[in-house]
Structure formats: C-alpha cells, structure tokens
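A short write-up of the structure that comes next.
Whatever order the structure lists ligands and atoms in, that order sets their numbers, starting from 1. Note that the structure is predicted; figures quoted are calculated from it, not measured.
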Amino acid sequence: MSAAESRQVCERCGATYDERETATACPSCGGLFELAHKFADAHRDLLRRTFAARRAAMRGTDSSGVWRYRELVLPSATDAEIVSHPEGNTPLFARPRVSAWAGVERLLIKHEGHNPTGSFKDRGMTVAMTQARRTGAAAVACASTGNTSASLAAYAAQAGIPALVFVPAGKVAAAKIAQTLAYGARTLMVRGNFDQCLSLAREASQSLGVQLLNSVNPFRLEGQKTIVLELLDQLDWNAPDWIALPAGNLGNTSAFGKSLREARALGLIDRVPRLAAIQARGAAPFAASFREQFARHITVEPETVATAIRIGAPASWDRAVRAIRETNGVVTDVSDAEILEAKAVIDAAGVGCEPASAASIAGVASLRRAGVIDAGESVVAVLTGHLLKDSESVVRYHQETEPAPPLANRPIEIEPRLAEVERVLRTTTRA
Ligand code: F0G
C-alpha cells in the first residue's frame, strides 16, 4: 500500500500543517492538532487481510500490535525509522467472576497492563518517539502521573534521545518512579499537581526546544487508537455494544473516538460501540460537565486513590467531547471505595490491575445498576495498567483494619511450626 505523508489539522480553526510540524498547539489559535491520513487505497478487505497477514510475524515491526495497523497510524514511517519494543498484542478475555460482580454477563477484559512498561502508554509512545526521532528531536519531555513517564523514559532510552519528565512530588506510585529513573530519564519532582506539571512541561517545550510527548501530541493518539483496532480485530470486527475506559487527561477517550470514527468510515465495522468514560469522583470534571450536556468546561482540585487519573484540568477536553457525542457515549464517576472494591475483585480473579484501571469495571457495574448498560449487552472494559504499578495501594487495602475492606486478604504471621500451618489451612481450604 502507498505510504503518503499525512497532514496535521488544527481541531479548532482547521488550519493544516505538514506531518513534520513539531509544535503541539496551533500557532494561530492554540488548538490541538489531529492527524489526517490519506487512506488512498485502503479498501476494507485489503486492510483486514493485511492486518491478519502481519499477525503471523514473530519479530520485527509487523509483530507490534501498533504497527500492524500502520496504514491507520502513521503510513509514512519506514521500518528503519520506527522505535518499537514491540508493544501491543494485549489479551482480550472473559472472567466469569468479574462479569458476575459487574452484573454484565458478556463482559470482556482488554488488558493493556501487558504492554512492555506495564501500561497502555507504550502504544502511543512508540509512535510519538518514532516521530520525535524522524524530526530530529534534541530532547523529549512529558508531565506525568507516572505511566507516561515510565514509557517515555523507556522509549527515549531505546531511541537514544535525552528525556525530561515532570511528576507531582509525593503523588506517584513508587514503581513508576523506579521505572522512570531506571530507564534514565531526568526526573523532576514538582511541588504541585499533574495539571501544574503539564503547564510547566508545555512552557519548557515552547521556550527550550524540547519536544512534548504528552497526549496533546497527536502522534500519541494515533498509537493509542490501536487499543480499539486490536480489540475489534480480536472480535473479528464485530463491534461490542460498549467500550469502557478510565478517563483522566482524556487522551485515550479522544483516541478511542477517532479510532471508531475511522474504522466506521473505512467499513471495518458496521456499527459504532458506545464509549463509557469513567472518572474517579475526586477528579471528575468531565463527568460533571457531561451531566450538563457539556455546557461548561470545568476544572477541579483533584484527589483520588487512583493517582494515575488524579487530574483536574484535562488537556484533550474538546476532542473527548466529540468522541462521547459521536459514539452516543456516557461519562460517569465512581468513588474511591468502588474503585478499590472492583480492583480487589479483578485482582482476586487472577487478573490484577492498578487502581485507575479498575475504574473502568467499577463504572460498568455502576452503569449496569443505573440501567444505562442492559444486562444482555456486550461490553469490553479496558484495564490500562498492571497490578504491580501500584503495590502500595494493594498492601494498604489488604492490611487495613479500621474497618477491614470487604475483600481484604490479610497476611498471617506464624511461628515456624506445622501445627500453625494446619490451623490456617483448616480455615482456608474449600468446603
Ligand atoms: N489509566 C492509567 C493507568 C493511566 O496512567 C492514565 C493516565 C489513564 C488511565 C487515563 O488516561 O489520561 O488518556 O485519560 N495517565 C497519564 C500519565 C496521565 O501521566 O501516565 P487519559
């Protein structure tokens, strides 16, 4: 298939820019860019066959769950230019215990925690880092609640580009900081929240010539679109009724909307699933705005146990509104207690995820109870990050005593004697 260059289009004023433009905001109006691909000879059947053929690749670029869909991601990138781990190829599976808890029988889980650095961020980062290297970036930067920084650090190390990250001091899970440091990114602990980190990163990128790789960068979204493409592919292009995902800075919500729009336009799917974007109640400006039909752009002072989505001023607001509107989607919020209970259910099913990820399934349960999701509808819930991303929250949950959470599994300290093991076993074995 042809490898024509794509264009960057300002979402606000419609001005168009070269694919190689490195600013992440429109110089004339400040709007965000989105990529417009040519899809010249992209016939539905040819695309499906091409994607399927690449699935056989055991290594190399085609073995990436992002670059397998390259015609819809960044058609002009050549194998030599691509910075890939590889990433993607995440599983889609059912877990009856999780379905039963959520009250939705046809619930499937798409686990993005199976990516190389343990979160979905790798899908966007492979594309943004490829583009950064193609355009000769001297350095790359991001603000992060921890997962983007871990991913950026890993891909920057692979690309050989210096990396700078801005994270809110004291509000990032230790494992994410560990990854970021280990991969060698210069790590700035900012005394402020994520939103302040992002403002600072934006300023730094404008005045210091560092390329910004947050999800305001349109190349990130092109990679993240493949979460949806891959799950549709895994379903033989039979769209589910719903796709549920956690929502923070709204990059993923926007990417999902674009992916569904393009997949529908290309005929890859014949109907569009409804998006359910789920926020944590203490960081839920988008859910509040949804309740007012998006009449106002809302910001809040964020606080939640799900630190990955502890965001009060989401950057991809307008494009996420479009995604919700176009998919007849919904936005809702769930409490920290609901998130932690959903997480304990997902963990105890042998799956596991970090707190922010569990918001998707807590949201499905809540929307089911409210009758928004029907019992017979099919739902794919995306888990965005791995269990080990936030082990502090796991330990806290299971050791909490006042009161003990509903699904706590307290460790038991014993003397090194068989009788004590026997005693424990008696209360543990199945009846
Ligand atoms: N889930 C996890 C595990 C995340 O790390 C994030 C965002 C989200 C969900 C929300 O996605 O921002 O596209 O709406 N993490 C960013 C970060 C902010 O810096 O790692 P979103």
Side-chain angles (χ1 to χ4, degrees), residues 90 110-115 117-125 128 141-154 165-168 171-173 175-177 179-180 185 187 190 193-195 197-198 201 212-217 220-221 223-225 227-228 244-259 275-280 283-287 302 304-317 319-320 323-324 331 333-334 339 343 346 352-363 381-390 393:
T90 61
K110 175 76 173 157
H111 206 324
E112 287 296 303
H114 288 237
N115 271 292
T117 74
S119 85
F120 73 96
K121 302 291 180 179
D122 296 333
R123 290 193 187 254
M125 206 51 77
C142 72
S144 182
T145 55
N147 282 324
T148 301
S149 58
S151 184
L152 174 119
V165 312
F166 301 79
V167 294
K171 293 291 181 185
V172 177
K176 300 175 186 179
I177 298 285
Q179 288 180 291
T180 306
T187 305
V190 180
N193 61 28
F194 169 83
D195 306 300
C197 289
L198 183 56
L212 186 64
L213 267 53
N214 275 101
S215 56
V216 291
N217 180 320
R220 281 273 311 279
L221 299 198
Q224 288 173 209
K225 282 183 345 192
I227 302 171
V228 167
L245 77 164
N249 209 25
L250 302 178
N252 232 11
T253 305
S254 306
F256 281 30
K258 186 167 192 275
S259 197
L275 288 179
I278 320 295
Q279 298 208 287
F286 197 53
T304 167
V305 66
T307 53
I309 49 174
R310 188 176 172 275
I311 294 171
S316 286
W317 186 280
R319 49 200 188 192
I324 296 299
V331 189
D333 55 8
V334 287
I339 288 174
K343 175 178 152 51
I346 296 159
C353 67
E354 68 166 288
S357 305
S360 62
I361 287 176
V382 179
L383 297 182
T384 44
H386 195 277
L387 167 72
L388 291 176
K389 281 288 194 173
D390 189 349
S393 78

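- Between V228 and K258, every side-chain heavy-atom pair lies at or beyond the 4.5 Å cut-off.
- Considering only heavy atoms from C-beta on, T384 stays 4.5 Å or farther from S119 through its side chain.
- For F194, the ring pair (Phe, Tyr, Trp, His ring centres under 6.0 Å) test picks out no residue, with sequence neighbours left out.
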Report the C-alpha separation of N252 and Q224 in whole Å, then their side-chain angles, then the decisive distance to 0.1 Å, and conclude whether the side-chain hydrogen bond (donor to acceptor under 3.5 Å, both in side chains) test is met.
-> CA-CA 7 Å; N252 232 11; Q224 288 173 209; 2.9 Å; yes
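- With sequence neighbours excluded, no residue forms a ring pair (Phe, Tyr, Trp, His ring centres under 6.0 Å) with H386.
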Check each N or O atom of ligand 1 against all protein N or O atoms and list the pairs under 3.5 Å, with atom names and distances to 0.1 Å, one per line.
unit_1, atom_1, unit_2, atom_2, d
ligand 1, 1 (N), T384, OG1, 2.7
ligand 1, 5 (O), N147, ND2, 2.8
ligand 1, 12 (O), N249, N, 2.8
ligand 1, 13 (O), G251, N, 3.1
ligand 1, 13 (O), N252, N, 2.8
ligand 1, 14 (O), G248, N, 2.7
ligand 1, 14 (O), N249, N, 3.2
ligand 1, 14 (O), L250, N, 2.8
ligand 1, 15 (N), K121, NZ, 2.9
ligand 1, 19 (O), S144, OG, 2.7
ligand 1, 19 (O), T145, N, 2.8
ligand 1, 19 (O), T145, OG1, 3.4
ligand 1, 19 (O), T148, OG1, 3.2
ligand 1, 20 (O), S144, OG, 3.4
ligand 1, 20 (O), N147, N, 3.1
ligand 1, 20 (O), T148, N, 2.8
ligand 1, 20 (O), T148, OG1, 3.1

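- Not counting sequence neighbours, K389 has no partner by the salt bridge (charged side-chain N to carboxylate O under 4.0 Å, His left out) test.
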